[in-house]
Amino acid sequence: MSNATLTRRNFLAVAGAAAAACAVAGCSNMEQTDMADTGAEEAPEEEAAEIVHSSCRACISNCGVLVHVKNGRVVKIEGDPIDPMSKGRVCPKGLAGIQALYNPNRMKYPMKRVGERGANQWERISWKEAIDTIADNLMEIYEKDPMKLVISTGGGGNPQFFGLHRFLQAFGGGNFFEPGCAQCYLPRMCTQPMLNGCNDTSIADSTVGEIYYDETVPTCLVMWGTDPSQSHVPSGGRAVNNLRMKGMKTVVVDPRFTPDAAKADVWLPVRPGTDVALTNGWARYIIENKLYDEAWCVKWTNLPFLINEETMLLYHADELGLGEATDYVVWDAKSNSAKAMPWPQDDALEPVLDGEFEVNGKKSRTAFRAVWENCQEWTLEKTAEVTWCEASAIEEAVKIYAEGAPHSGISIGVATDQYAQSAQVPEAVTIIESLMGNACHQGNTIQSRKNQSLGTYFLFPFNLFGPTPLSPSEEVVSRRLGIIEHKGLNYWMASHIPTIMEAMNTGEPYQPEMWIDRSGNKLAMVGDAATFKEAMNKMKFIVHMYMYPTTTSVELADLILPTAEWLETAYGADRCNVWLIRRDVVHTFEHVDETLIWSWIVSALADRGHKEAAMAFEAENCGAAGPYWKTYDEYKGYLAAFMSQSFGEQWSWDECCEKLPAEFMPMAEWITSTYESYEKVDPETGLPAGFATNSHRMEPYAEAMTITGRTGGPQGASFWDMYPLPPASVDYLPLPQYEEPAESPITDTEFPYVLTEGRVPMYHHGTLRNVPWMRELYPVPQTWVNPVTAAEIGVEEGDWCFVESRRGKIQGRIHVTEGIAPKVIYQERFWNPELLDSDDPSRAWKAMNVNMLTKNDKPYNPEFGTYTLRGFTVKVTKADSAPEGVWVSPTEFTPWLPEVTEETGGGYAVYDA
């Protein structure tokens, strides 16, 4: 077959592996590939559709679905009633799976850049050449300094989240980042369990299982910065609506009038970036009006413990010569003296909850008194003034929540993760929930049920279950970029994105040289994307893995690899006592599950004499996480072994396909297993189980955060690797103190409005902007403005506008609504695949991308290094027209309609590691 040179508006459509220059944004997948027999054959007889249990991955939810497969093609997707969370429902993103699978934009083969980076000219190569090229570059890095490698993924688009850490351990070092991480979920996922000893309270990430059982109706649910009706529609959205109809009261804290806010008993349209002011206002009201559960606070929290004011830590009995190092210290009302408080509580003592005393000649407050003094200034009036909420509404919301205790709960969402006080909101919520005793009772969002798959990310790093020969060394851990200052990142073994950028720009403390990214579109997802692109463009070699080309592919990559859609992958998902199984029902072109791509790279490194890579295939080096695999069947065997452990058996993959989905245990037992679990006796110790914290109690006084800043983790060493780290330059405070956002509409006259973001039901992070059905539903980002603000700007419904910050300028389409407060602007992040094959492909990520406006500079959250994606200032002006070339009408999306693609076996059929 001869070579073919194609225009910018055509995708590579040649059989065989011969070179051909092309642009990556066109659309044709009707060509026969060299993986299939090209000989003439008779048309097959019509077959009945096979219906397969599977699990969606259009977002993080993993809802159960039934996939209809006919003649080797997926023809229909519907919800699976066996899923206890979605109960047979499926959202538009899941239904769009067929359009994503058979999308003409998909990258079909490995390709390498020809010409200058960013010129959008590519040459098809074989999988062997791709893996060899990557391995050769990695070996060069490894011999100089493994830490010069940077790899990344996206939480929404990649279920194999911790598989990247596994790869870094097999490589012997390097940095990992994910554009959410410190800006999405990590602050809650780390802080709340550290302090409440149970779980974070995210509905969207499925840790709040309590809302899914008809038998357990919470009296009140507070949805704080979370919108399940839009971000988690079939599961959380359905469940909350069901409970509301059963009598559950709801409070919604959100600048937007979401569908959940429309049905809420109270809506608090908080000013973006001021949530800590509101939480402190709630805490003051609860304490001032004595709504808290004093007996619970004394027995099951650290609030009666005495503080060493010099260290900010709680006294231990050995410091005062009162008892063991494991005991804390309380002020005993009976003896009017400081006494050791062992675990469990000594009932002969009468701990004082609120007070200040002299201990060894020094002032010492109880932790409760410290909490009160921290929130004392936050009257209803001051809280209302700062947050832009009505004082009467704040009071009503607190009362509804408090009256429901101990059967109410607070769920916090991604909104609170996205500015510099990301750790302080989950700290403050833990204070409120601890005061009310809202933990491990029926209806609480805080429970101790165990997630069988550790959040469904169970491609474990080798060190998860204890030290192994492949565990990272102390040097590797301490050299992760930004980790000393922002130690909470170590909970995900991550590095700090702005510190990586600084290293790229300055070469300090070392110069990263190679970046491998498996995700969608970093230029649409990372804060202040223009500065990110400038920094990452200094990498010597960049590899991008994804299902279809994005601006990251076009602008930055030197080599691109075609990964599989979820209908082409195998996996499992734990959904409230049910194991769902995702089955690879089809394999097209040369697409490969990235799980196997990483292992192929490790195998190629081992062939080149890489010591750790060779060790990663030997079981004795890998601990309970198990060794790497070289074939997809080996990988599926790994999944089967892990899932079947939940049933006390050992199944093959085929047996898993026959037996799953299935419940781990009787559902009634699962539901009630966590209630009052802190009181249950641990058979190994003979003592109450308590909570999974240092003190065995809930710890609203967050000394664990202070210890983390000084040592690396709440128990004196970094989270995963058990190495102590040098202290951060700034202490992590044990109580949440409000800080006004660095860019404040209170003082900013040039940029007088404050911007917030938020999801829409059609997309998850940067995905599906090239799926015609989704774009027909939401073709361009809306810019929400209040009627008062619209009059100030001079815009009306449907007008095009410019939104501008100190970092960039983009466009949106005006939506005038009372559902946003005056002076607040909402716009969803966006990118435009239709502009990839224009004369200026960079406009695809610049024209309408909110992350052209966001901040990635200081101030950062001390604990996690979070930068600012919400709560910064902007100005809005009217535009004459839409951005040139942006598609708006449904007919414009016709080129993206799905095209027939044969089952070819995927990349597995043409490459053998």
Side-chain angles (χ1 to χ4, degrees), residues 183 224-225 253-257 261 267-281 378 381-391 393-394 415-422 424-425 527-528 737-758 781-795 801-812 814-829 850-861 866-878:
Q183 290 73 227
W224 200 306
V253 182
D254 197 311
R256 299 175 300 153
F257 193 59
W267 172 45
L268 296 178
V270 63
R271 170 162 67 98
T274 66
D275 299 85
V276 174
L278 190 58
T279 57
N280 283 350
W378 291 97
E381 292 72 25
K382 178 173 181 176
T383 304
E385 179 184 358
V386 171
T387 64
W388 296 355
C389 298
E390 295 289 339
I394 297 171
T416 64
D417 292 336
Q418 297 196 330
Y419 63 99
Q421 296 215 273
S422 63
Q424 284 60 49
V425 177
D528 194 0
Q737 298 178 6
Y738 173 71
E739 296 179 3
E740 182 67 17
E743 294 184 0
S744 171
I746 305 301
T747 56
D748 196 336
T749 56
E750 183 181 0
F751 296 87
Y753 306 117
V754 58
L755 186 137
T756 189
E757 298 185 43
Q782 293 182 339
T783 307
W784 288 21
V785 297
N786 185 275
V788 173
T789 306
E792 291 176 357
I793 300 169
V795 292
C801 69
F802 293 109
V803 184
E804 184 175 359
S805 77
R806 286 179 169 82
R807 289 153 295 279
K809 185 176 183 179
I810 62 171
Q811 285 194 249
I814 291 289
H815 174 49
V816 181
T817 173
E818 296 277 1
I820 199 81
K823 295 183 73 68
V824 178
I825 305 296
Y826 160 78
Q827 184 161 322
E828 196 266 347
R829 59 195 157 165
V850 164
N851 277 316
M852 288 292 293
L853 313 180
T854 51
K855 285 168 54 68
N856 63 29
D857 57 346
K858 295 179 179 179
Y860 305 124
N861 172 257
T866 307
Y867 52 64
T868 301
L869 297 179
R870 307 191 194 202
F872 58 91
T873 55
V874 298
K875 61 183 175 183
V876 181
T877 54
K878 186 176 180 180

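Counting begins at 1 with the first residue of the sequence.
- Summarising the geometry, atom CG belonging to Leu755 is positioned 13.0 Å from atom CD belonging to Glu804; distances are rounded to the nearest 0.5 Å.
- One finds the CG atom of Asp417 at 10.0 Å from the CG atom of Leu869 (value rounded to the nearest 0.5 Å).
- Here the closest heavy-atom approach between residue Pro255 and residue Val824 is recorded as CB-CG1, 4.4 Å.
- At distances below 3.5 Å, at least one donor-acceptor pair connects side-chain atoms of Asn786 with backbone N or O atoms of Ile820.
- A donor-acceptor pair shorter than 3.5 Å can be found between the side chains of Asn861 and Gln424.
- Here the straight-line distance linking atom CH2 of Trp267 with atom CD of Glu390 works out to 11.0 Å at 0.5 Å rounding.
- Residues Phe872 and Ser805 have side chains in contact (heavy-atom distance under 4.5 Å, counting atoms from C-beta outward).
- The two atoms that bring Asn280 and Tyr738 nearest to each other are ND2-N, 4.2 Å, heavy atoms only.
- Considering only heavy atoms from C-beta on, Glu743 stays 4.5 Å or farther from Phe751 through its side chain.
- A side-chain donor-acceptor contact under 3.5 Å links Gln421 to the backbone of Glu739.
- In this structure, Gln418 contributes its side chain and Gln183 its backbone to a donor-acceptor pair below 3.5 Å.
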May I have the step-by-step check of side chain to side chain contact (heavy atoms under 4.5 Å, CB included) for Ile394 and Thr387, ending in yes or no?
-> CA-CA 10 Å; Ile394 297 171; Thr387 64; 4.2 Å; yes
Where do Val425 and Val276 land on the side chain to side chain contact (heavy atoms under 4.5 Å, CB included) test, with the steps shown first?
-> CA-CA 6 Å; Val425 177; Val276 174; 3.9 Å; yes
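- Taking a cutoff of 4.0 Å between a charged side-chain nitrogen and a carboxylate oxygen, Glu740 and Arg271 qualify as a salt bridge.
- Of the possible donor and acceptor atoms, none in the side chain of Arg829 sits under 3.5 Å from a partner among the backbone N and O of Val850.
- A distance of 13.5 Å separates NZ in Lys858 from OG1 in Thr868, rounded to the nearest 0.5 Å.
- Separation of atoms CD (Glu757) and CD1 (Ile825) is listed at 13.5 Å; rounding is to 0.5 Å.
- Residues Tyr753 and Val785 have side chains not in contact (no heavy-atom distance under 4.5 Å, counting atoms from C-beta outward).
- Across all non-hydrogen atoms, the minimal contact from Val816 to Ala790 is CG2-CB, 4.0 Å.
- Checked by atom type and distance alone, the side chain of Trp388 never pairs as donor or acceptor with a backbone atom of Pro269 at under 3.5 Å.
- What you find for Gln827 and Val803 is that their closest heavy atoms are OE1-CG2, 3.7 Å.
- Atom CD of Glu828 is separated from atom CH2 of Trp784 by 11.5 Å, given to the nearest 0.5 angstrom.
- In terms of heavy atoms, Thr866 sits closest to Ser422 at OG1-OG, 2.7 Å.
- For the pair Phe802 and Lys878, the tightest heavy-atom approach, listed with the atom from each and the gap, is CD1-O, 4.0 Å.
- At a threshold of 4.0 Å, the pair Arg806-Asp857 does not count as salt-bridged, since none of the basic side-chain nitrogens sits closer than that to a carboxylate oxygen.
- In this structure, the side chain of Tyr860 engages the main chain of Asn856 through a donor-acceptor pair within 3.5 Å.
- Of the possible polar contacts, one joining the Lys823 side chain to the Pro752 backbone as a donor-acceptor pair under 3.5 Å is found.
- Using a 4.5 Å heavy-atom threshold, the side chains of Val253 and Leu278 count as touching.
- A distance-only check finds a donor-acceptor pair linking the side chain of Thr854 to the backbone of Asp528 [under 3.5 Å].
- Contact of the Asp275 side chain with the Tyr419 side chain is registered, since non-hydrogen atoms from C-beta on lie closer than 4.5 Å.
- Judged by distance alone, with hydrogens and angles left aside, the side-chain atoms of Thr789 form no donor-acceptor pair with the main-chain N or O of Pro822 at under 3.5 Å.
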